[in-house]
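Read the structure below first, then the notes.
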Amino acid sequence: MYPATDLEGARTFLFRMRVANGNHVGRHKTSYNLFYDGYQLLRLDTYGNGMHTNGDGSTIPACTPHIHIYDENEIPQDHHAYLLPTSFTDPENDIKTLLQFLEYANVVDVENLTVVQQGVMGDVNDIHR
């Protein structure tokens with residue numbers, strides 16, 4: 001989780017990144033989120049399990065990276081999904097995609113951020129002694 005404010009310091013936002021095991025060997029799915037006042041403004045999914053059908057009938061194929069953008073006229077407001085813009089160059093690279101997500105959300109000075117990838121947390125039985 002990464003808290004942020006707007007340039008005037010009037011509004012606070014929360015960025016969240018979540019990595020989970022996917023249904024396919026060697027794949028994991030990552031979700032990047034931007035929240036404001038309890039509303040999810042952006043959500044990027046790197047690996048959707050099933051086909052996503054939008055309210056207008058358009059679809060995003062299964063296992064395709066996509067982004068949800070908040071729309072106050074839609075219920076739920078983040079239901080509509082779009083294929084990732086070309087500015088996201090490698091959705092399987094968690095750190096690169098995180099930085100590109102922050103840039104997409106207009107975070108300033110992204111190039112000055114230091115992101116450290118933590119080790120994988122697993123079941124105690126997964127620990128090799």
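Every heavy atom of this structure was used, including side-chain atoms; hydrogens, water molecules and symmetry mates were not. Here, residue 1 is the first one in the sequence, and each next residue gets the next number.
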Between [X] (side chain only) and [Y] (backbone N and O only), is there a donor and an acceptor less than 3.5 Å apart?
X: N54; Y: A81; value: yes
X: T46; Y: P91; value: no
X: T97; Y: E92; value: no

Distance in Å, [X] [atom1] paired with [Y] [atom2], rounded so as to fall on 0.5 Å steps:
X: R43; Y: N33; atom1: CZ; atom2: CG; result: 7.0 Å
X: I69; Y: Q40; atom1: CD1; atom2: CD; result: 12.0 Å
X: D109; Y: L102; atom1: CG; atom2: CG; result: 12.0 Å
X: L83; Y: T64; atom1: CG; atom2: OG1; result: 7.0 Å
X: T89; Y: L84; atom1: OG1; atom2: CG; result: 10.5 Å
X: Y36; Y: T12; atom1: OH; atom2: OG1; result: 7.0 Å

To check you understand the geometry: which heavy-atom pair defines the closest contact between [X] and [Y], and what is its length?
X: I67; Y: L42; value: CD1-CD2, 4.4 Å
X: M17; Y: D94; value: CE-CB, 3.6 Å
X: H52; Y: H80; value: NE2-C, 4.4 Å
X: Q100; Y: F88; value: OE1-CA, 3.3 Å

Legend entry - Matching residue for F15 among Y32, F35, F101 - test: side-chain contact (heavy atoms from CB on, under 4.5 Å):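 Exactly one option meets the side-chain contact (heavy atoms from CB on, under 4.5 Å) with F15, and it is F101.
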Inset, instruction - Mind running side chain to side chain contact (heavy atoms under 4.5 Å, CB included) on S31 and R16 for me, showing each step along the way? - result: CA-CA 8 Å; S31 177; R16 183 180 71 190; 5.6 Å; no
Legend entry - Cluster check Y82, M51: I/L/V/M/F/W/Y, side chain < 4.5 angstrom: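 No, separate clusters.
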Inset, instruction - Please step through side chain to side chain contact (heavy atoms under 4.5 Å, CB included) for the pair L41 and F13, ending with a clear verdict. - result: CA-CA 10 Å; L41 302 180; F13 299 89; 4.1 Å; yes
